[in-house]
Amino acid sequence: MIESKILVAPSILAADFSALAEETHRVEAAGADWIHLDIMDGHFVDNISFGPGVVATVRKHTKLPLDVHLMIEHPDHYAPRFAEAGANSITVHVEPEAKHNVAETLQAIRDAGCRAALSLNPATPFESVEPYLTSIDLLLIMTVYPGFGGQAFRAEMMEKVKRAREWQRAQGAALDIEVDGGINAETAKLSIDNGANVLVAGTSIFRSGNYRVAIAELRGSG
Ligand code: DX5
Ligand code: ZN
């Protein structure tokens, strides 16, 4: 059933920030495909993480694609700064609380030379992203409410993953389907079985004793 290679994107939100360069090197050496960077502004979500400066620092320490997830208001204003900091893909949220024109922001992300991606929260219906599916490279289906690492996976979200994969197959579109939140070996398998091909994971990698084993297990080859 798996049509594309499964990609694993460790979220450095769960890394040891006092050793960010080493943590980045370690996950790269352990087989990570992308590095996921969670940007939180204390408005769109109830937490504050880090900004373009940290993204630029990580950029200096890896050749892997940087997958930047903007959980912020006015992502249209900030996306160019993350592109400049070295992002390869930039994900914005579809919810009105993000306060931007989604179509225009996606175009601006493209214009800045990045892959354009869209995300939806657990409470947001799949229909909200449908109008944009032809204008994105990646759909990020949140499997927890964004804001914090270490939360429990919401299996109900698999319905959206399935619908996204059905749409992708019907169109033959080049769309990556990514899941984020509570991903471990077990929930990764469920997500893959439902059609996800990119797995974001913070806790299950960085809190494991062995990054290589943790990443291989997520991919289903552990
Ligand atoms: C949640 C973030 C996630 C988070 C995942 O708001 O978008 O990327 O870091 O962390 P875990 O894997 O611990 O659920
Ligand atoms: Zn994320």
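Just so you know, residue 1 is the first one in the sequence shown, and it goes up from there. Read the numbers this way: they start at 1 and go in the same order the structure lists the ligands and their atoms. Just so it is clear, the values below take in all heavy atoms, side chains as well, and ignore hydrogens, waters and symmetry mates.
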Near [X], which atoms of ligand 1 are under 4.0 Å from a heavy atom of that residue?
X	result
L13	9 (O)
P146	6 (O)
F148	1 (C), 6 (O)
A201	12 (O)
M71	6 (O), 7 (O)
M142	7 (O)
G149	10 (O), 13 (O)
G181	14 (O)

task = Check whether any heavy atom of S204 sits under 4.0 Å from an atom of ligand 1.
result =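 It does not, in that no heavy atom of S204 comes within the 4.0 Å cut-off of ligand 1.
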
query = Is the closest heavy atom of A14 to ligand 1 under 4.0 Å?
reply =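 It does not; every heavy atom stays at 4.0 Å or beyond.
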
Would you say ligand 1 has an N or O under 3.5 Å from any N or O of [X]?
X	result
M40	no
V200	no
I183	no

Are [X] and [Y] close enough that some pair of their side-chain heavy atoms sits under 4.5 Å apart?
X	Y	value
L139	L133	yes
T203	Q151	no
L199	L7	no
I90	F82	yes

ask   = Relative to each other, are the rings of F17 and F50 parallel, tilted or perpendicular (30° and 60° limits)?
value =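 Correct class here is perpendicular.
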
query = With backbone taken as N, CA, C and O and side chain as the heavy atoms from C-beta onward, which portion of S11 lies under 4.0 Å from ligand 1: side chain, backbone, both, or neither?
reply =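 It is the side chain that gets close, since no backbone atom is under 4.0 Å.
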
ask   = Is it the side chain (CB and beyond), the backbone, both or neither of T203 that lies under 4.0 Å from ligand 1, heavy atoms counted?
value =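 Both backbone and side chain of T203 come within 4.0 Å of ligand 1.
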
Return yes if a side-chain donor-acceptor contact under 3.5 Å exists between [X] and [Y], otherwise no.
X	Y	answer
D16	S18	yes
T187	N184	yes
S49	D38	no

task = Go through the steps for Y132 and V94 under the test side-chain contact (heavy atoms from CB on, under 4.5 Å), then give the verdict.
result = CA-CA 9 Å; Y132 307 105; V94 74; 3.9 Å; yes

Check [X] and report its N/O/S atom nearest to the Zn ion (ligand 2), by atom name.
X	result
H69	ND1
D180	OD2
D38	OD1

inquiry  = Checking the side chain of R110 only, and the main-chain atoms of G113 only, is there a donor and an acceptor separated by less than 3.5 Å?
reply    =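 No: the side chain of R110 does not pair with the backbone of G113.
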
ask   = Taking the side chain from N197 and the backbone from I177, do they hold a donor-acceptor pair closer than 3.5 Å?
value =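 Yes.
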
query = Aromatic ring centroids of H93 and H69 under 6.0 Å?
reply =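 So the answer is yes for these two rings.
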
Do me a favour and list the nearest non-hydrogen protein atom to [atom] with residue, atom name and distance?
atom	result
atom 2 (C) of ligand 1	D38 OD1, 3.4 Å
atom 6 (O) of ligand 1	G147 N, 2.7 Å
atom 12 (O) of ligand 1	G202 N, 2.8 Å
atom 11 (P) of ligand 1	G150 N, 3.6 Å
atom 14 (O) of ligand 1	G182 N, 2.8 Å
atom 5 (C) of ligand 1	D180 OD1, 3.5 Å

key: Non-hydrogen atoms of K5 and D33 that approach each other most closely   =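 For K5 versus D33, the nearest heavy atoms are NZ-OD1, 2.9 Å.
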
query = Run the side chain to side chain donor-acceptor pair (under 3.5 Å) check on N194 and S191 step by step: do they pass?
reply = CA-CA 5 Å; N194 280 283; S191 301; over 6 Å; no

